[in-house]
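Report on the following structure.
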Amino acid sequence: MMSPRAGAPPPCPRAHSPNALAQLHAALAKSGLSTCSATPATAAAAARACTRLRDIRAGRAVHGASAKLALLSASTLLPNALLHLYASSPGEHHLHLARLLFDTMPDRDAASYNILLTALAARGHVAEALELFDEMPEPSVRSWTALIAGFAQSGSPADALRVFRDMELAGVAPNEVTIVAVFVACADVGDLETGRKVHAYARRRGYGKSNVLVCNAAIDMYVKCGCVDAARAVFDAMENGRTVVSWSAMICGHAMHGEGDKALELFAAMRGRGVPPNGVTFVGLLHACSHMGLVDQGRAFFQSMEKDHGIAPEIEHYGCMVDLLSRAGRLQEALEFINGMPMEPNSVVWGALLGGARLHMDVEVGEKAIRRLAVLDPGNDGYYVVLSNIYANAGRWEDVARVRRAMKLRGVKKTRGWSAISVGGAVHEFTAGDCAHPQVTAICETLDRLLGEARRRGYAPDTSVVLLDVDDGEKERVLARHSEKLAVAFGLMATPPGTTLRVMKNLRVCSDCHAMMKVISEIAGREIVVRDRNRFHCFKNGVCSCRDYW
DNA sequence: CTAGGGTTAG
């Protein structure tokens, strides 16, 4: 979307001074500070300026000059400033330099540790960051937060939450930055329990309404944990003004939960308040239109981006449009749209077309998409599985086998599907046909009882999703043990009547499980929320929030 | 002012 450098200061001219002192003065001049004398404080100010300007070259000059002028050993001030410079510069090389500097510093204080901790955690060096953390004398809130925030943002949310638990045990009170980071991690893994607990704490501390960043992170956390209504309550209660991020997060949240109408209403309200939308807002709107089948409305939004809001559509928006068109069955239009794109279509764009081809069982378009996907994202097994699905639907089993051979040839492994459900604070994971759970027998009995009742209510197994060329009885046996069914059956057994069941799945829910979930929600009188690979399904009284359009 | 924060299509 937006350039990551947007809002960053402009790069400054390079230093070309021949000697070190002159370079130091040049860097000082650039930082707008007095150049009368070089002291550790002025050099640290220069280093800080270089960090802000992202001018690593000038920073190295400051480092060199500081060494020559023997400014480095006076205090931790200057070494820390230089450590920060290297630690926050991109590339493993600079991180390595930071580590080297840290290891050879004559004195280290808490800030030295925190600077390096931040850099290690943010780049996903989990083990090294934890090791350093254990070595440091007195970790502060900021040290804990550096770990949690870094892990949450570098794709290690489970590590982030583990550290948070340790922080609680250590009796250190989280601040608003910690809270935001924990929300990010909860959103990622779908940990509603922790999210709720931290939200309650945030409210007690007074961040609940007044801190925009805390609120925005809470909105996203609730959305991604399957509680749009709770997200909306946070949004509605926001006192200190919502930003475009709040509006966009909520619009995306409604879209993700199949509440496209609410997403569009929110956009109208946003415009009414004069808040200018950004590119993310439109991703949410297009997503909403796509899941409601509002092709013309979506097209109108797409066109208004540039015309009315001066926002140039980016590849994400093209992706949404391809999804919108192909979901609605306009596969040829989608293909033409792709061909007219001003940028090179990526795997997501072709993936959206492939998804539409599956939905509308179009072998030809599916094959067209896979030809590009095999080049753009060759290791992704999902695309081959979808294509197999299209072939299986058409009864072309020799082609299904051909796809399987192609996968084998390319070393592409099919991802095992799993579903997880959290009961009483413990997460129970299931894979298809799983026999590892201690209560398998009871789970299977429950499931078979449900299956019998479901059949009496008109449910019939949808064997088309089973990609095995076996007889229907065998297909039904495979289907009946899909991981989400096991997770839900367990959830029904392990929770009191009426409790909402929340299931997380690593792949997309299959159409048979989708049908079954609807019936189960009716039989058991439960709300079942399933977090799919890319959206939510809320089953209640026999219907799904996606209105079977997904 | 030596460390940290929010939204994004399949």
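Quick note on labels: first sequence line is chain A, next is B, and so on, each numbered from 1. Only this structure's heavy atoms are used, side chains among them; waters, hydrogens and symmetry mates stay out.
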Establish, from distance only, whether the side-chain atoms of [X] and [Y] form a donor-acceptor pair under 3.5 Å.
X: Tyr201(A); Y: Arg205(A); value: yes
X: Tyr391(A); Y: Glu367(A); value: yes
X: Thr76(A); Y: Asp107(A); value: no

Please tell me which of the listed nucleotides, [options], lies nearest to the side chain of [X]?
X: Val348(A); options: dG4(B), dT7(B), dA9(B); result: dA9(B)
X: Asn380(A); options: dT8(B), dG10(B), dG5(B); result: dG10(B)
X: Tyr383(A); options: dG5(B), dG10(B), dT7(B); result: dG10(B)
X: Lys224(A); options: dT8(B), dG4(B), dG5(B); result: dT8(B)
X: Val245(A); options: dG5(B), dG10(B), dT7(B); result: dT7(B)
X: Arg327(A); options: dT7(B), dG10(B), dT8(B); result: dG10(B)
X: Thr145(A); options: dT7(B), dG4(B), dA9(B); result: dG4(B)
X: Ile315(A); options: dA9(B), dG4(B), dG10(B); result: dA9(B)
X: Cys320(A); options: dG10(B), dA9(B), dT7(B); result: dA9(B)
X: Asn278(A); options: dT7(B), dG10(B), dG4(B); result: dT7(B)

Using a 4.0 Å heavy-atom cut-off across all strands, classify [X] as base, sugar-phosphate, or nothing.
X: Leu324(A); value: nothing
X: Thr243(A); value: base
X: Gln153(A); value: sugar-phosphate

Quick one: does Ser304(A)'s side chain have a donor or acceptor within less than 3.5 Å of a partner on Phe301(A)'s backbone?
-> yes
Backbone N or O of Arg508(A) within a donor-acceptor pair of the Arg535(A) side chain at under 3.5 Å?
-> no
Take atom [atom1] of [X] and atom [atom2] of [N], then tell me their distance rounded to the nearest Å.
X: Leu213(A); N: dG5(B); atom1: CG; atom2: C1'; answer: 5 Å
X: Met270(A); N: dT7(B); atom1: CE; atom2: P; answer: 16 Å
X: Leu373(A); N: dG10(B); atom1: CG; atom2: P; answer: 14 Å
X: Glu316(A); N: dG10(B); atom1: CD; atom2: P; answer: 12 Å
X: Phe536(A); N: dG10(B); atom1: CZ; atom2: C1'; answer: 16 Å
X: Leu354(A); N: dA9(B); atom1: CG; atom2: C1'; answer: 15 Å
X: Arg533(A); N: dG10(B); atom1: CZ; atom2: P; answer: 12 Å
X: Tyr318(A); N: dA9(B); atom1: OH; atom2: P; answer: 18 Å

In residues 336-350 of chain A, what donor-acceptor pairs under 3.5 Å come from side-chain atoms, sequence neighbours left out?
from      : atom 1 : to        : atom 2 : distance (Å)
Asn339(A) : ND2    : Leu335(A) : O      : 3.3
Asn346(A) : OD1    : Val348(A) : N      : 3.2
Asn346(A) : OD1    : Val349(A) : N      : 3.1

Would you say dT7(B) has OP1 or OP2 under 4.0 Å from some side-chain N or O of His287(A)?
-> no
